[in-house]
Peer 1: 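Okay, handing you the structure first.
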Amino acid sequence: MPELPEVETVRRVLEERLRGLRITAYKLGQPTFYRRPPDLKHLIGSTVEFVRRRGKYLVVGVSGRRELVLHLGMSGRLAFGAAGPHLRFQLMLQGEILGFHDARRFGRVGCPLPELGPEPLDSCFDPAYLHKALHDRKAPIKALLMDQRIVAGIGNIYATESLFQAGIKPRRPAGRLSKPEMARLVKAIKTVLRRAVKLGGSTLEDAAYLDPLGRPGRFQKRVSVYGRSVGACGHALKATRKPISGRTSLFCPICQK
DNA sequence: ACGAGTACCTGGCAGC
DNA sequence: TGCTGCCAGGTACTCG
């Protein structure tokens, strides 16, 4: 389940490895993967100039101001070389092949970049912004943290961790958070994400996230709540009875108010 | 406009 | 042992 820290880790590897290489061809896998098979002919012959990240999206910028947008979905994985299971897409470059593997097929290649909220690690994502975005909303805070139009790049793992860190129950109506709580939440999100980026993201037991060089993340060892039965606080964790945004949610009934 | 719910998809695992 | 069925979740969709 790649979220911001995992995608950022992938971005760094790709930029290092692909920058300056010319795209020579591409190959689409089974058509069932694509809602509409993307036409990427215009990329052929251009050179990779940078790889940027926007939320959970990867954007490969090539010469001539063209771009290739990728989304890893929840099981998508990029790897060098054409070998591997569930190969959906291949990008051939000078002396390099980038393969997109995706068992669950939630990933996207060549899609448009949608409208997204601010990057959580940008300075414009601050308590004033969050207050403005949430003060009139009644949905659970966790659902809105995972809403990519409010803030980009946060999914179940990092929403869960951030809310624990900030001491806020995931079901709380977003608009009822106090200003100090919003400030705490912003701080928690930034702290959790920075730390996760530093550790190369999270590789959970079932969802085998690996970077394009096959390396796992190390943040899972530092997780406080997600996937645990006892929190970092030492208390037994609880799962919300009803899912939030269709997702199960773990929290500490003592530390989170 | 908002909030809730569901479809998409398949590997892995619990339970029988 | 082998089967069934449920769960995981990012995004896009529908419905009220």
Side-chain angles (χ1 to χ4, degrees), chain A residues 1-11 29-38 53-59 69-78 84-89 100-117 119-120 132-163 170-177 193 196 201-210 216-217 219-220 223 225-229 237 239-251:
Chain A
M1 38 210 88
E3 302 178 28
L4 186 152
E6 292 77 29
V7 179
E8 177 60 24
T9 305
V10 171
R11 184 199 72 75
Q30 306 96 315
T32 54
F33 178 64
Y34 306 94
R35 303 185 167 169
R36 196 180 304 138
R53 180 191 56 72
R54 185 72 179 91
K56 301 173 192 171
Y57 290 81
L58 283 165
V59 183
V69 176
L70 302 164
H71 193 291
L72 300 175
M74 63 167 291
S75 58
R77 179 154 121 67
L78 293 166
H86 314 296
L87 188 56
R88 312 292 181 196
F89 173 75
F100 187 109
H101 307 263
D102 188 6
R104 292 183 205 180
R105 302 201 215 174
F106 284 178
R108 293 285 169 261
V109 173
C111 55
L113 196 62
E115 291 227 354
L116 297 166
E119 286 293 322
K132 195 175 169 215
L134 300 184
H135 76 276
D136 57 349
R137 304 290 298 265
K138 293 177 176 146
I141 180 62
K142 177 153 177 266
L144 298 184
L145 284 186
M146 294 191 293
D147 183 336
Q148 304 300 298
R149 293 163 302 186
I150 290 177
V151 55
I154 299 174
N156 203 13
I157 298 171
Y158 297 105
T160 298
E161 291 298 310
S162 302
L163 286 166
R171 181 81 71 190
R172 287 271 301 283
R176 299 239 188 90
L177 298 193
L193 291 178
S202 307
T203 299
L204 281 307
E205 281 158 38
D206 64 328
Y209 156 78
L210 298 170
F219 186 73
Q220 66 279 4
V223 154
V225 202
Y226 191 88
R228 296 175 51 149
S229 53
L237 300 174
T240 52
R241 273 210 18 252
K242 280 186 183 172
I244 300 172
S245 282
R247 304 286 164 261
T248 52
S249 294
L250 271 181
F251 66 100

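A note on names: the letters A, B, ... follow the listed sequences, proteins ahead of strands, and every chain is numbered from 1. All values below were derived from every heavy atom in this structure, side-chain atoms included, with hydrogens, water molecules and symmetry-related copies excluded.
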Peer 1: What distance separates A/R53 CZ from A/L4 CG, expressed to the nearest 0.5 Å?
Peer 2: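 Separation between the atoms: 3.5 Å.
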Peer 1: Just by distance, no angles: are the side chains of A/Y209 and A/E3 close enough, under 3.5 Å, to form a donor-acceptor pair?
Peer 2: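 No.
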Peer 1: Counting the atoms with a prime plus P, OP1 and OP2 as sugar-phosphate, which does A/R137 contact under 4.0 Å by heavy atoms, base, sugar-phosphate, or nothing?
Peer 2: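 Answer is sugar-phosphate: A/R137 comes under 4.0 Å of backbone atoms only.
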Peer 1: Could you give the CG-to-P distance, from A/L250 to C/dC7, as a whole number of Å?
Peer 2: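 The distance from CG of A/L250 to P of C/dC7 comes to 15 Å, rounded to the nearest Å.
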Peer 1: Phosphate oxygens OP1/OP2 of B/dG11: is one of them under 4.0 Å from a side-chain N or O of A/S75?
Peer 2: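 Answer no for this pair, as no side-chain N or O of A/S75 is under 4.0 Å from OP1 or OP2.
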Peer 1: Between C/dG10 and A/R247, counting only base atoms on the nucleotide and side-chain atoms on the residue, is there a donor-acceptor pair under 3.5 Å?
Peer 2: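 A donor-acceptor contact between them is present.
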Peer 1: What integer distance in Å separates A/R108:CZ from C/dA12:C1'?
Peer 2: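 Those two atoms, CZ and C1', are 9 Å apart.
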Peer 1: In whole Å, what is the span from the CG atom of A/L204 to the P atom of C/dG10?
Peer 2: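 Roughly 11 Å, once rounded to whole Å.
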Peer 1: So A/S245, base contact, sugar-phosphate only, or nothing? Heavy-atom distance under 4.0 Å.
Peer 2: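 Nothing: the residue A/S245, judged by heavy atoms under 4.0 Å, touches no strand.
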Peer 1: Between A/R54 (side chain only) and A/V59 (backbone N and O only), is there a donor and an acceptor less than 3.5 Å apart?
Peer 2: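 Judged by distance alone, no pair lies under 3.5 Å.
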Peer 1: Whole angstrom is fine here: how far is it from CG in A/D136 over to P in B/dC2?
Peer 2: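 Value for this atom pair: 7 Å.
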Peer 1: Please check if atom CZ in A/R228 has more than 12 non-hydrogen atoms from other residues, nucleotides or ligands closer than 6.0 Å.
Peer 2: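 Yes, because the 6.0 Å sphere around CZ of A/R228 holds more than 12 heavy atoms from other groups.
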Peer 1: Within the structure, does a side-chain N or O atom of A/K56 lie under 4.0 Å from either OP1 or OP2 of C/dT11?
Peer 2: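 Answer yes for this pair, as a side-chain N or O of A/K56 is under 4.0 Å from OP1 or OP2.
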Peer 1: Could you please name the option among B/dA4, C/dA8, C/dT11 that lies closest to any side-chain atom of A/P140?
Peer 2: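 It is B/dA4.
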Peer 1: Measure from the side chain of A/E3, starting at C-beta and using heavy atoms only, and say which of B/dT10, C/dG10, C/dT11 lies closest.
Peer 2: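 Nearest listed nucleotide: C/dG10.
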Peer 1: By nearest heavy atom, map A/A139 and A/A103 onto DNA chain B; which one lands nearer the 5' end?
Peer 2: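 It is A/A139 whose nearest nucleotide is closer to the 5' end.
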Peer 1: After noting the C-alpha distance and the side-chain angles of A/I244 and A/R171, does the key distance pass the side chain to side chain contact (heavy atoms under 4.5 Å, CB included) rule?
Peer 2: CA-CA 7 Å; A/I244 300 172; A/R171 181 81 71 190; 3.4 Å; yes
Peer 1: Is any side-chain N or O of A/Q148 closer than 4.0 Å to OP1 or OP2 of C/dG10?
Peer 2: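 So the side-chain polar atoms of A/Q148 never come under 4.0 Å of the phosphate oxygens OP1 or OP2 of C/dG10.
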Peer 1: Rounding to an integer number of Å, can you tell me how far A/K138 NZ sits from C/dG16 P?
Peer 2: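 Those two atoms, NZ and P, are 20 Å apart.
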Peer 1: I want to confirm an ordering. Mapping A/P114 and A/F106 to their closest nucleotides on DNA chain C, which one lands closer to the 5' end?
Peer 2: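 First, find each residue's nearest nucleotide; the 5'-ward one identifies A/F106.
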Peer 1: So does A/H86 get a side-chain nitrogen or oxygen closer than 4.0 Å to the phosphate oxygens (OP1/OP2) of B/dC9?
Peer 2: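 No, outside the criterion.
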Peer 1: A/N156 has a side chain; which of C/dG10, B/dC2, C/dT11 sits nearest to it?
Peer 2: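 Selected nucleotide: C/dG10.
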Peer 1: Can you check the A/K142 NZ to B/dG5 P distance for me, whole Å?
Peer 2: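 It works out to 14 Å between those atoms.
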Peer 1: Among A/F106, A/Y57, A/F89, which residue meets the ring-ring contact (aromatic ring centres under 6.0 Å, His included) test with A/H71?
Peer 2: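 Among A/F106, A/Y57, A/F89, the one meeting ring-ring contact (aromatic ring centres under 6.0 Å, His included) with A/H71 is A/Y57.
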Peer 1: Take atom CD1 of A/I150 and atom P of B/dG3, then tell me their distance rounded to the nearest Å.
Peer 2: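 From A/I150 CD1 to B/dG3 P: 8 Å.
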Peer 1: Respond yes when some side-chain nitrogen or oxygen of A/H71 is under 4.0 Å from OP1 or OP2 of C/dG10, and no when none is.
Peer 2: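 No, because none of the side-chain N or O atoms of A/H71 sits under 4.0 Å from OP1 or OP2 of C/dG10.
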Peer 1: Starting from P on C/dT11, measure out to CG on A/D147 and report it in whole angstrom.
Peer 2: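 Atom-to-atom, A/D147 to C/dT11, this comes out as 10 Å.
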Peer 1: Any side-chain N or O of A/R105 less than 4.0 Å from the OP1 or OP2 oxygen of B/dT10?
Peer 2: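 So the side-chain polar atoms of A/R105 do come within 4.0 Å of the phosphate oxygens OP1 or OP2 of B/dT10, strictly under.
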